[in-house]
Every structure is written in structure tokens, then in C-alpha cells.
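Here's the structure, in C-alpha cells; my notes come after.
Just so you know, ligand 1 is whichever comes first in the structure, and atom 1 is the first atom listed for that ligand.
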Amino acid sequence: MNMPQLGLGTFRLQGQQAIDSVRNGLELGYRHIDTAQIYGNEAEVGQALHDAGVARGEVFVTTKVWTEHLAADRLADSLKESLRKLRVEQVDLALIHWPSPGGAVPLRESMQALLAAREAGLAAAIGVSNFPVALVREAIAAVGAANIATNQVELHPYLQNRELLRFAGDAGIHVTAYMPLAYGKVLDDPIIGAVARRHGATAAQVSLAWLLAKGIAVIPSSTRRENLAGNLQAAGLALSAQDCAAIDALDRGERLVSPDFAPQWD
Ligand SMILES: NC(=O)c1ccc[n+]([C@@H]2O[C@H](COP(=O)([O-])OP(=O)(O)OC[C@H]3O[C@@H](n4cnc5c(N)ncnc54)[C@H](OP(=O)(O)O)[C@@H]3O)[C@@H](O)[C@H]2O)c1
């Protein structure tokens, strides 16, 4: 999978704001856009992709299959609808957005349907999101680790998810950090601020660079062009081992996203 490690998130962005954020992002040089069926903005992302005139092969597009579409007889049709809205023939990555609430649809069924959708050409790669270790194990049992391109999970300095990272590393499964800025919460952290000052960087850049240094992809979002531009520069920020250790020490298991249908977390 040739996924750029720094991408652009689109959660919450609706209508013109979604179009503007993605258009600004593409103009600034983002080449990885993260959306989802439930965000209600695939059509806007599609419009921005179309308007930007960036060659299809140059931008990596991820969508996520919503929990209501996880059954074998619904998954492919829902992805076809996503492709129509996104105005693409194939997404680069299709993820199961959340494990089926209460296990209503067996995990094996969804994973095999997703694999079949990839084989039918609807997605170039497939993966999962919000999967704790136990469910990643089940997903591996269903389709094999080689067919799980990434596990996209909440991950930031205040929620470091070490057990999952260790397991994913051993299984050879890449991890993508969602909410890498803890929706802005880590930006006021004094330790991150001190590292940022040492490097003449922003707190956002430091948080993103810390994740990138661990080989984790990041998909921050922003409605502001200057923040989009600044975040993209995180890729060029090299933190020292000491800087990284200082941020490693900030873990406090603070999870921001845990809807009532969430799985049992690690
Ligand atoms: N798989 C899942 O279940 C799941 C769940 C949640 C999120 N996600 C994905 O992850 C993406 C990122 O998560 P997120 O958007 O919730 O949170 P985030 O990227 O951690 O934070 C976004 C917030 O930080 C602010 N911000 C961004 N860059 C900034 C900067 N340089 N300086 C100051 N403030 C900055 C933004 O405000 P401004 O607009 O003012 O810049 C916005 O309020 C989502 O968009 C979505 O694609 C996936």
C-alpha cells in the first residue's frame, strides 16, 4: 500500500467547509484524504478531488464502511455508492469503520465481504478501524494479516495505545492515528510546547512528528488553510530521542471517542 503517512481528515466537515478544506489541502500538497460513509461528505470530497484537477493516481483516498452496511449482502453496494459520490472507480483503502455493534454481523462475514469487494476492484486495499487487539486477532483469522493494510485508531500523546501498537507491530499490521491532535487538546500541553519552542515548530507539528517517527500514519483535520499548511510541515520535523521520550511520558489513557456501541478497549 502506497499510503502517504500524512493525510487529511474530514470528520465533521460538511458542505462547503468540506469542499474548501479538501481543496485547500490538495492545493497545499496533501495527497491522502480520509473520509467515511457516516461523515456525510463523500460527495463534497469527490467534488473537491474533481475540482482540484490532481491526477487520480496521485491522491490516496480512504473511506470507511458504516456499521449498517457490514452484512455480506450490503457491503459491496454501499461501497459502490461511496465510489459514485467520491467520483472514483476505486478507493485506495476501504476500512470497516467500527466492529459491528454487539457483534450483530459476524466479523468473519464482514471481513470476507470486504476482501471480496477488494477482489472485485472496489478498493485497492482494505483494513479496519477501532479494532482492539482481540478483534484484530479475529480479523486476521478471517482474512490473514497480509490482507489488513491498516488499523485506524484513536492515538495521540494522551492515548498511546501501547498494547495495540505492540501487537500490530508483531503482526505486521500498519497503524493509522486518528484524532492525532486529540481534537486540539494536546496543543496546550506544556511539555509539547517546550519541545515545539526548542525546534521553532508548533505544538501540532510536534505531536504529528512524534507519531510519524513511530511509523504511524496521521490524518489531522483543519478548517483553516494556515493550520493545514503548518500540519503538512510536520513531515520535515525530526525530533530527538529525548523529545520523543518526553512525549511518551504524557500517556494518560485519555480516550475521546467511545460511543455506546464501542468494543471493549484494550
Ligand atoms: N475511524 C474513526 O472512527 C475516526 C474517528 C475520529 C476521527 N477520524 C479521522 O481522523 C481525523 C482527525 O481527527 P479529528 O478531526 O477529529 O481531530 P484532530 O485532527 O485531532 O483535531 C482537529 C482539531 O484540531 C484543530 N487543529 C488542527 N490543526 C491545528 C493547528 N495546526 N493548530 C491549532 N489547531 C489545529 C482543528 O481546528 P481548526 O479547524 O480551527 O484548525 C480541529 O478543531 C478526522 O477528521 C477523521 O478523518 C476517524
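- For atom 47 (O) of ligand 1, the closest heavy atom belonging to the protein is D34 OD2, 2.7 Å.
- For atom 24 (O) of ligand 1, the closest non-hydrogen atom on the protein side is G184 N, 3.8 Å.
- Between R255 and D266 no salt bridge is recorded (no basic side-chain N to carboxylate O distance below 4.0 Å).
- In terms of heavy atoms, L239 sits closest to W210 at CD1-N, 3.6 Å.
- Of the polar atoms of L181, at least one N or O is found under 3.5 Å from an N or O of ligand 1, judged by distance alone.
- Heavy-atom proximity to atom 30 (C) of ligand 1, evaluated over N130, I33, N227, is greatest for N227.
- Looking from atom 44 (C) of ligand 1 to the surrounding protein, the closest heavy atom is F11 CB, 3.4 Å.
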Intermediate values then yes/no, side chain to side chain donor-acceptor pair (under 3.5 Å), E154 and N130 | CA-CA 7 Å; E154 181 179 342; N130 295 300; over 6 Å; no

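- Closest heavy-atom contact between Q112 and A142: NE2-O, 3.5 Å.
- When all heavy atoms are compared, the tightest approach of V186 to P157 is CG1-CD, 3.8 Å.
- Each of the atoms 14 (P), 15 (O), 16 (O) of ligand 1 lies under 4.0 Å from some heavy atom of R12.
- Heavy-atom proximity to A204, at under 4.0 Å, picks out these atoms of ligand 1: 30 (C), 31 (N).
- The protein reaches atom 1 (N) of ligand 1 closely, with a heavy atom under 4.0 angstrom from it.
- Within the listing of ligand 1, atoms 38 (P), 39 (O), 40 (O), 41 (O) sit less than 4.0 angstrom from a heavy atom of T223.
- Within the structure, ligand 1 lacks T202 among the residues with a heavy atom less than 4.0 angstrom away.
- The proximity of E154 to ligand 1, defined as any non-hydrogen pair under 4.0 Å, does not occur for either the backbone or the side chain.
- Looking at R12 and N41, their side chains never bring a donor and an acceptor atom within 3.5 Å of each other.
- Atoms of ligand 1 found under 4.0 Å from any heavy atom of P220, numbered from 1 in the order shown, are 19 (O).
- For atom 28 (N) of ligand 1, the closest heavy atom belonging to the protein is N231 ND2, 3.0 Å.
- Residue nearest to atom 13 (O) of ligand 1, selected from Q233, M179, Q152: M179 (by heavy-atom distance).
- Protein heavy atom closest to atom 21 (O) of ligand 1, with residue, atom name and distance, is Y183 CA, 3.3 Å.
- Of the inter-residue distances, the one linking R84 atom CZ with L79 atom CG reads 13.5 Å to the nearest 0.5 angstrom.
- Side chain to side chain, T35 and E42 fail the donor-acceptor criterion of an N or O pair below 3.5 Å.
- The closest protein non-hydrogen atom to atom 40 (O) of ligand 1 is R224 NE, 2.7 Å.
- Close contacts of ligand 1 with T10, meaning ligand atoms under 4.0 Å from a residue heavy atom, involve 45 (O), 47 (O).
- In this structure, a donor-acceptor pair under 3.5 Å is present between the side chains of T150 and T176.
- Heavy-atom proximity to atom 38 (P) of ligand 1, evaluated over G7, S222, S221, is greatest for S222.
- Two residues are said to be in side-chain contact when any heavy atoms from C-beta on lie closer than 4.5 Å; Q264 and P132 fail this criterion.
- Residue-ligand proximity, S129 to ligand 1, at heavy-atom distances under 4.0 Å covers atoms 1 (N), 2 (C).
- The ring of Y39 has its center closer than 6.0 angstrom to the ring center of H97.
- Residues W98 and P263 meet the side-chain proximity criterion, which asks for heavy atoms closer than 4.5 Å.
- Taking the side chain as every heavy atom from C-beta outward, I219 and Y178 approach each other to under 4.5 Å.
- Against a heavy-atom cut-off of under 4.0 Å, K64 is close to the following atoms of ligand 1: 1 (N).
- Contacts with ligand 1 closer than 4.0 Å are made by side-chain heavy atoms of L187 only, the backbone lying farther away.
- The nearest heavy-atom contact from the protein to atom 12 (C) of ligand 1 is I219 O, 3.0 Å.
- The protein heavy-atom contact nearest to atom 6 (C) of ligand 1 is Y178 CD1, 3.3 Å.
- Evaluation of the side chain to side chain donor-acceptor pair (under 3.5 Å) test over residues 224-241, restricted to residues two or more places apart or in two chains, returns N24-R225, E27-R225, S240-D243.
- The distance from ligand 1 to the heavy atoms of A182 drops below 4.0 Å at these ligand atoms: 20 (O).
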